[in-house]
Student: 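There's a structure below that I have some questions on.
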2 protein chains.
Amino acid sequence: MASNKMGSKPKVTIHHIAEKLNITASTVSRALNDNPRISEVTKKAVLKAAKQLNYQPNNIAAALRNGKSYIIGIIVPTADRAFFASVVRGIEEIANKLHYKVIICQSYDNYEKEVQTIDALLSARVDGIIASIGKNTENFDHYKRPQEKGIPLVLFDRTTDALEVSQVVIDDYLGAYKVVEHLIQQGCRRIAHFTSPKKVSVFKERLRGYMDALRDYEVPFSEELVIKSNLQLEDGRASMEQLLGLAERPDAVFSASDYGAMGALQVLKENGIKVPHEIAVAGFGNEPFTSFSDPALTTVDQFSLTMGRITAELFFEHFKASADKKLVPQKTVLKPELIIRGSTLRNAPPKK
Amino acid sequence: MASNKMGSKPKVTIHHIAEKLNITASTVSRALNDNPRISEVTKKAVLKAAKQLNYQPNNIAAALRNGKSYIIGIIVPTADRAFFASVVRGIEEIANKLHYKVIICQSYDNYEKEVQTIDALLSARVDGIIASIGKNTENFDHYKRPQEKGIPLVLFDRTTDALEVSQVVIDDYLGAYKVVEHLIQQGCRRIAHFTSPKKVSVFKERLRGYMDALRDYEVPFSEELVIKSNLQLEDGRASMEQLLGLAERPDAVFSASDYGAMGALQVLKENGIKVPHEIAVAGFGNEPFTSFSDPALTTVDQFSLTMGRITAELFFEHFKASADKKLVPQKTVLKPELIIRGSTLRNAPPKK
DNA sequence: AGTAAATATGCAATCGGTTGCGCATAATAC
DNA sequence: GTATTATGCGCAACCGATTGCATATTTACT
């Protein structure tokens, strides 16, 4: 009577089902899991009783017993960047197909939070972790913990070679190279680059692509044209202001982030500078808003959905293998695509 | 020896710590939980041993025993809309402060997935659910399940009055009214409206605000100017095309979504129609990209971060109360803010 | 009929912490 | 010196589902 007070939950377990049917919890458990050792008659009875009693399986108990939760944790700097959202979607797609659930955690590019999140996921006993490293993270020790615990880890996009981990990235070098090549072909000769001071490989790779393209096309490199910032909208604005103050202005800006490029674009428009004819602008990432601006922004598409799917597939390979031998860490590199739009197109478009 | 094979995880438990210190697991548990009944000396010893053994608490086990997981589930249609991302952030902020973790689930506006997600969260034994209903959901029975199980549920933004649940929304009616009022003050007389055919209250409210503003200012209402669609970019484009085909074109468009408005804007620009002087355009939601377009888009800000915080606070109120008496469902309505930008500003701005 | 083999279910331990209750030993009181 | 109260920790049950092994009941087959 006391336990059936309103306000408290009924808490139906397999034992209640068992009791009702005069069988044991073992049988109920097996019936619910469609174990071939249980007769069809019993299975149907159990299913029916479960529905009647409004039974809700307790995954916590199962997870404890089985040692696996069928949950994989995803850590991204932020979920509201189209790129990350899309990767997550790709991962989810594959994971769900294999009856895994996914829990999304945001580090907000905050190192402390990233460390805490790893710990929380480990304590939550997720079966694996897929992550993209925060911008401010310079020490990667916390990413060693999952491996120590024997739970698989795969990194994507914002990765590091300091860890022996499988990773999926796009060829940032190639993407950047293509952008700069394109700008040069459009007649640009003083091409500025917005990059990040952070130790994140993607930015270093983009910088490398930028420099190599200049070198290959014998376009002079100028230190003053490379500007480091956090690459957000406001940073892009500030960087552009700085460039406009130069004795010799650039005739193109290639930002390692779309946000930075958008900031530059805004400043240029406010100053009445014509884009792309006076100064061309290109970004990186193909965020949706890049097609909304005027002119629309040339950028690099990262095939985020594909990246998510591939990351998940790679993850599950490791996952399956992790039981016995460890797989050798493997790096998958995807090819990006240059998306040419009005912000860099000086000649009339070929119209195909 | 066999259990210590490389490749398999060590699995350190409180029992190992206990063994090492010649005490019992009870004491270790209490020490780790800073129970006053344990001496400081023992606590320190336990902490030290835990660190040495690289102990990782198993939340699964604790959750099973305690009947609570310290996790709350959030369901949003999609995490990559700035609005939802921002609400989630607000919720997380409050939740983390109270040592709760948050797991984010996306329904992708898919009814089936929404139902499954509720079920998954229930089985995962989350301590509560905070959700925003998918666009295509017309049956809300699955939202009754958490309550039946005694776990608190709070809805935000995309809510319904068909459920006896606490909810946090903005005053969509007021926001829409303000937009239309503003358009009228700018001299618009044929104001079109993009809305959704879905049974989501936000859109119905915005439509109501639109109509009431017209009525109050004695601007004639015309059925042909109200267009229903899914309100995405492409829908906005199609709707705008449709409007341009009208014998008598509108002189303003108020879209219930920023995406729809952006689509309209694109079509207008492609057709060489001047915005705002020939046709003014306004959206709803204040998505970041609205400030990137040319002209920048007039829209309505929804104070998403605040909404998240308030939703979380309301949730925890219910949570604390749910032990004994149930709280009466409560509806919090936030005031939105009209953000006036170039897409509707026909007169030179006052420059303050 | 008798035994092997298949079928269906029960028993009890287990996963890793948590916690009410009880039992020492030590400290304080009268 | 005995009674009283703290203090610190151990014992064992418990949360709910899973599963190896044992048992009971049929069916099959020689």
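As the structure is a computational prediction, the values presented were derived from the model and not from experiment. A note on names: the letters A, B, ... follow the listed sequences, proteins ahead of strands, and every chain is numbered from 1.
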Student: Is A/N66 near enough to C/dT14 that one of its side-chain N or O atoms lies under 4.0 angstrom from OP1 or OP2?
Tutor: no
Student: Of all residues at least two apart in sequence or in a different chain, which pass the side-chain contact (heavy atoms from CB on, under 4.5 Å) check with A/D119?
Tutor: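 With neighbours one apart ignored, the set is A/R145, B/Q56.
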Student: On DNA chain D, reading 5' to 3', which nucleotide is the first and which the last to sit with an atom under 4.0 Å from a heavy atom of chain B, could you check?
Tutor: D/dG8 to D/dG16
Student: Would you please name every residue forming a ring pair (Phe, Tyr, Trp, His ring centres under 6.0 Å) with A/Y143, sequence neighbours left out?
Tutor: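 Per chain and number, A/Y143 pairs via ring pair (Phe, Tyr, Trp, His ring centres under 6.0 Å) with no residue.
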Student: Table please: side-chain donor-acceptor pairs of residues 21-29 of chain B below 3.5 Å, with sequence neighbours left out.
Tutor:
| residue | atom | partner | partner atom | Å |
| --- | --- | --- | --- | --- |
| B/T24 | OG1 | B/T27 | OG1 | 3.3 |

Student: Measure the angle between the two terminal helix axes of the helix from C/dA1-D/dT30 to C/dC30-D/dG1, five base pairs each, and quote it to 10°.
Tutor: 50°
Student: Does anything in residues 51-63 of chain A come within less than 4.0 Å of DNA chain C? Heavy atoms only, and list the residues if so.
Tutor: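 Nothing qualifies; none.
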Student: Please list every donor-acceptor pair under 3.5 Å in which a side-chain atom of residues 305-312 of chain B meets a protein atom from a residue at least two apart or in another chain.
Tutor:
| residue | atom | partner | partner atom | Å |
| --- | --- | --- | --- | --- |
| B/R309 | NE | B/E93 | OE1 | 2.5 |
| B/R309 | NH2 | B/E93 | OE1 | 3.4 |
| B/T311 | OG1 | B/M307 | O | 2.6 |

Student: Is it the case that A/E114 and A/T137 place a side-chain donor and acceptor less than 3.5 Å from each other?
Tutor: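 Looking only at side-chain atoms, A/T137 and A/E114 do form a donor-acceptor pair, the distance falling under 3.5 Å.
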Student: Near A/Q52 CD, under 6.0 Å, is it more than 12 heavy atoms from other residues, nucleotides or ligands?
Tutor: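 Counting other residues, nucleotides and ligands, CD of A/Q52 exceeds 12 neighbours.
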Student: Atom CD1 of B/I17 and atom P of C/dT18: how far apart are they, to the nearest Å?
Tutor: 11 Å
Student: Between B/E92 and A/K113, does at least one N-O distance fall below 4.0 Å, as a salt bridge requires?
Tutor: yes
Student: Looking at B/D157 and B/R81, does any basic side-chain N land under 4.0 Å from a carboxylate oxygen?
Tutor: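 Salt bridge absent between B/D157 and B/R81.
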Student: With sequence neighbours left out, write down each residue that passes side chain to side chain donor-acceptor pair (under 3.5 Å) with A/K43, or none if nothing qualifies.
Tutor: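 For A/K43, the residues satisfying side chain to side chain donor-acceptor pair (under 3.5 Å) (neighbours in sequence not counted) are A/D34.
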Student: Taking distance alone, no hydrogens or angles, what donor-acceptor pairs closer than 3.5 Å link side-chain atoms of residues 66-77 of chain A to residues at least two apart or in another chain?
Tutor:
| residue | atom | partner | partner atom | Å |
| --- | --- | --- | --- | --- |
| A/N66 | ND2 | A/A62 | O | 3.1 |
| A/K68 | NZ | A/Y100 | OH | 2.8 |
| A/S69 | OG | A/I71 | N | 3.4 |
| A/S69 | OG | A/R125 | O | 2.7 |
| A/S69 | OG | A/D127 | OD1 | 3.4 |

Student: Heavy atoms within less than 4.0 Å of DNA chain D: which residues of residues 25-41 of chain B have one? Give them sorted by number.
Tutor: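 Under 4.0 Å from DNA chain D: B/S26, B/T27, B/R30, B/R37, B/I38, B/S39.
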Student: Using the ring pair (Phe, Tyr, Trp, His ring centres under 6.0 Å) criterion, which residues pair with B/Y111? Sequence neighbours excluded.
Tutor: B/H142
Student: Applying a 4.0 Å non-hydrogen cut-off, can you work out what A/I14 is touching in the nucleic acid: base, sugar-phosphate, or nothing?
Tutor: base
Student: With B/D80, which residues qualify under salt bridge (Lys or Arg N to Asp or Glu O under 4.0 Å), at least two apart?
Tutor: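 Result, salt bridge (Lys or Arg N to Asp or Glu O under 4.0 Å) vs B/D80: none returned.
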Student: Could you grab the distance from atom CD1 of B/I14 to atom CZ of B/R30, nearest 0.5 Å is fine?
Tutor: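 B/I14 CD1 to B/R30 CZ: 10.5 Å, rounded to 0.5 Å.
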